[in-house]
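This report refers to the structure that appears directly beneath it.
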Amino acid sequence: MELEHIDPQTFTIVSNERDILCDLFTYLDYFGERSVKRMTRSNEIPSGDMQRLCKLMGVETPQKDDWHSFRMHWVDFIGHLALRLKLVTYDIKGTYRGYSSSEPSFIDNYIVVNQAPLQKFLELTPMAQEKHILETLIHPSMRQEYDNYSNNEFYERSVPGRLDAFSIRGSATGIMPMLDFPQVRGFLLDLLKDCPVGQWFSTNALIAYLKTNHRYFIIPEKLPAARNKWETISARYSNFYEGMDEWRHDEKPIPDSAPDAFERVEGRYVERFLENIPLLMQFVDVAYDPKPYAGPLPSTGTLKAFRITERFQRVMNGQESAPRVTVQPNFDVVIEADTYPAAIIRQVSALGEQASSPQSGHGAYVGIYLLQKARVAAAQVKDPKLDVIQLLKKLSGRKLPQNVQVELEEWAGHADQFTLYEGFALLEMAELPPEAEKFSVERIAPNMHLVRNPEKVFAVLETRGDAPIRIQHQGVKFTQVAEAAQSVFPKEKAAVETQKAAIWVKLTRVITISYQFPQAEAFDAIQKVLASLRCPFQSDLVTKTVSIQQKEQEKFNEAVEKLADEFKFEIE
C-alpha cells in the first residue's frame, strides 16, 4: 500500500503520552492496597480516590461534560479495561430499589482485585500483556452482548482523541447490529502495520485507497437479510445521519446515491478508528486541522494525517527484547525495556524507592530505583526465602558491584523478625509440671517455653523442690547466666582478649564532582542519559544534584552533548 506523504507543520499534532500498561498496574496497585466502594447512585469512583489516582498517573482530574460531548476520562477507561481483562470485579448493572426507581443503585459495590487472574497476567511477558490488551480492545466489550450496534467507533468518542460522534438514532435497527467490528478493526490494523515508521501519511489518501481496493471493508457488498419480519434493511447508509445543527434537529440519513457517500460514512469511520485503538495503544500519532470545523456534523476531514510508531510494529510483528536491568555502584537499579516491565518493576520497587520520574513512551521505558536498607530488610522479613543478591544477579544477568554486594549482605542481617512480650518470661525446661501447664503460652523449642505470670510459675517450681534461677535483664543489655546454671545462654566468665596485629590498610582518594540542576526536567534527563552510557553516578532528589567521580568526567561531558538539542547547559 502506497500512500501520499504529507507535511504536518500547519496541523495540530497529538500523541498519547499515557502508557496503558503502566497506568493499568498503577490502578491495580491502588485498589489492591485499599478497600474502595464505588458511589451508590452514579457508580463512580469517589472523588477523593479519583483525585489521588489522577495524581499517581499524572493526569488531570475529570471535568463535567455536557451530555452531547461526553468523553470517558482516562482513569475510568483504565478501570473498564481492568474489568474487561477480569483483573478486577465490581457491579456494573446495579439494582432497582422499588418501583419508583428510575435509575439503578449500587449497594456496597467495592472494587476487588482478582489475585489469581492478576498473577497469571503478571506471568506473561510485557509484549504478551500488550497483545492481550489489544485483543480485548478489538473484540466486543462486556456490554456488546446487548448493544453491539452502539458500542463502536461510529458512536463512542475516543478517550485521547478530539472528534465528535454520529447520532445514535436508529442504530438498533437496520444494518448496524449486523456489522462485524472486530473483523474491521483487525483488517485495518493489519493494513497499517506495513506503513514505514515515522512518516506522515494523508488520511484522505488512506480513505481513497480503501474506496478503490476495499470498498466493502465495513458494510458487505450484498446486504444481509433482516433479522425478523418487523425489520427491513431499506438502504446501505440508512443508519448514518448528518445535520448542521449541533443538537441534530435537522439531521437526515446519508443517501446511498451520493457520489461521496463512502467518504461521508466509511471515511468518517477511518478517522475515528485512527484516534481510537491505535492512538490509545501509542501505535500512531495523529494530526488535526487547527481551523474550526464548519461543515455538516459529525465532522469529516478533520484528522488530516497519521504516522506509525515503532511500538506498533514491535507489537504487530511480535518483536520483543528482554528488559535490561543494571545495578550501579551508587545503589541505583536502572530498568530499560521496550514495553513496561511490570513484573520486574514490582520486584525492584519492593527493594528501593523510585529515584526519578519514569520515562515511558513510544520507544522505551526507563526507570531508576535506589536500593534502600529498610526496604530490603522488610522484603526479607515478608519472604524469608528471598535472596536479594541472587535476585538482582538474575535480573541483571551479571555480577553486582562489590560495594553493593557487601552492603546487601550486611542489610540482610537486619531482616530478623522479633516480637516483644511484656509481662511474660522465657522458661528453660524440658517438661513443665502439670501445675505450671496452664501458664504456658507457647512451646517455642523442645526445652523452651513462653509463660505468663512468671512469679506464679517460679513459686510452683520452688514448691516442687526445684532450684530455679530467675534472671532479670537490664534495659541496655542482656544479663549473663551464672557459671553453675544449666542454660543454653551465655554464661559469666572472663573475656580473654588477644592482642591483634594492626592491619595495613591502603586508602585510595576519590575526587567527586557534583552538579546541581535547577530544573527537574534537566535533572531527570541527565540521569537517563548517564544510565544509558553506563556511567556510575549518585543523585539527590531533594537538591536535584548528580555526583560523579572525577574519572567519569568524559562520560558526563558526552551526556551533556547528547542533550544539547534539548538543554543549553552553562556550568558555573
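Less than 6.0 angstrom separates the ring centroid of F187 from the ring centroid of H214. Note: Y241 and F166 fail the aromatic proximity criterion, with ring centroids not under 6.0 Å apart. The distance between the ring centers of F106 and Y90 does not fall below 6.0 angstrom.
Side-chain N or O atoms of T302 include none that pairs as donor or acceptor with a backbone N or O of S299 at under 3.5 Å. A donor-acceptor distance shorter than 3.5 angstrom exists from the side chain of D180 to the backbone of Q183, with no hydrogens or angles considered.
E2 and Y209 share no donor-acceptor pair across their side chains, judged by distance under 3.5 Å alone. Of the N and O atoms on the side chains of N276 and S158, not one donor lies less than 3.5 Å from an acceptor on the other residue. Side-chain polar atoms of S171 and N239 form no donor-acceptor pair below 3.5 angstrom. Residues E251 and S167 bring a donor and an acceptor atom of their side chains to less than 3.5 Å of each other.
Electrostatic pairing of R185 and E153 counts as a salt bridge here, judged by a charged N lying under 4.0 Å from a carboxylate O. A salt bridge does not link R162 to E275: none of the charged nitrogens lies less than 4.0 Å from a carboxylate oxygen. In summary, D108 and R38 do not engage in a salt bridge, as defined by a charged side-chain N under 4.0 Å from a carboxylate O. Between R307 and D285 there is a salt bridge, since at least one side-chain N of the basic residue sits less than 4.0 Å from a carboxylate O of the acidic one. Taking 4.0 Å as the cut-off between side-chain N and carboxylate O, E242 and R268 count as a salt-bridged pair. Salt bridge status for R215 with E221: absent, with no side-chain N to carboxylate O gap under 4.0 Å. For K211 and E263, the salt-bridge test passes: some basic side-chain N is under 4.0 Å from an acidic carboxylate O.
No option in T40, N43, D91 other than N43 meets the side-chain hydrogen bond (donor to acceptor under 3.5 Å, both in side chains) test with N109.
In this structure the side chain of L87 reaches within 4.5 angstrom of the side chain of L24, judged on heavy atoms. Counting only heavy atoms from C-beta outward, the side chains of D164 and R272 approach each other to under 4.5 Å. A 4.5 Å side-chain heavy-atom check between T339 and Y365 finds every atom pair outside the cut-off. Side chains of V327 and R398 form no contact here, defined as non-hydrogen atoms less than 4.5 Å apart.
A cation-pi geometry, defined here as NZ or CZ lying under 6.0 Å from the six-membered ring centre and within 45° of its normal, holds between R34 and Y30.
Contacts of E4 classified as side chain to side chain donor-acceptor pair (under 3.5 Å), with partners at least two apart in sequence or in another chain: none. Applying the side chain to side chain contact (heavy atoms under 4.5 Å, CB included) rule to D7 yields the partners Q9; only residues at least two apart in sequence or on another chain are considered.
The distance from the CZ atom of F201 to the CG atom of L3 is 6.0 Å, given to the nearest 0.5 Å. Taking CG of L392 as the start and CD of Q347 as the end, the distance is 9.5 Å to the nearest 0.5 Å.
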Derivation and outcome, ring-ring contact (aromatic ring centres under 6.0 Å, His included), residues Y288 and F11: CA-CA 6 Å; Y288 296 94; F11 301 145; 9.8 Å; no

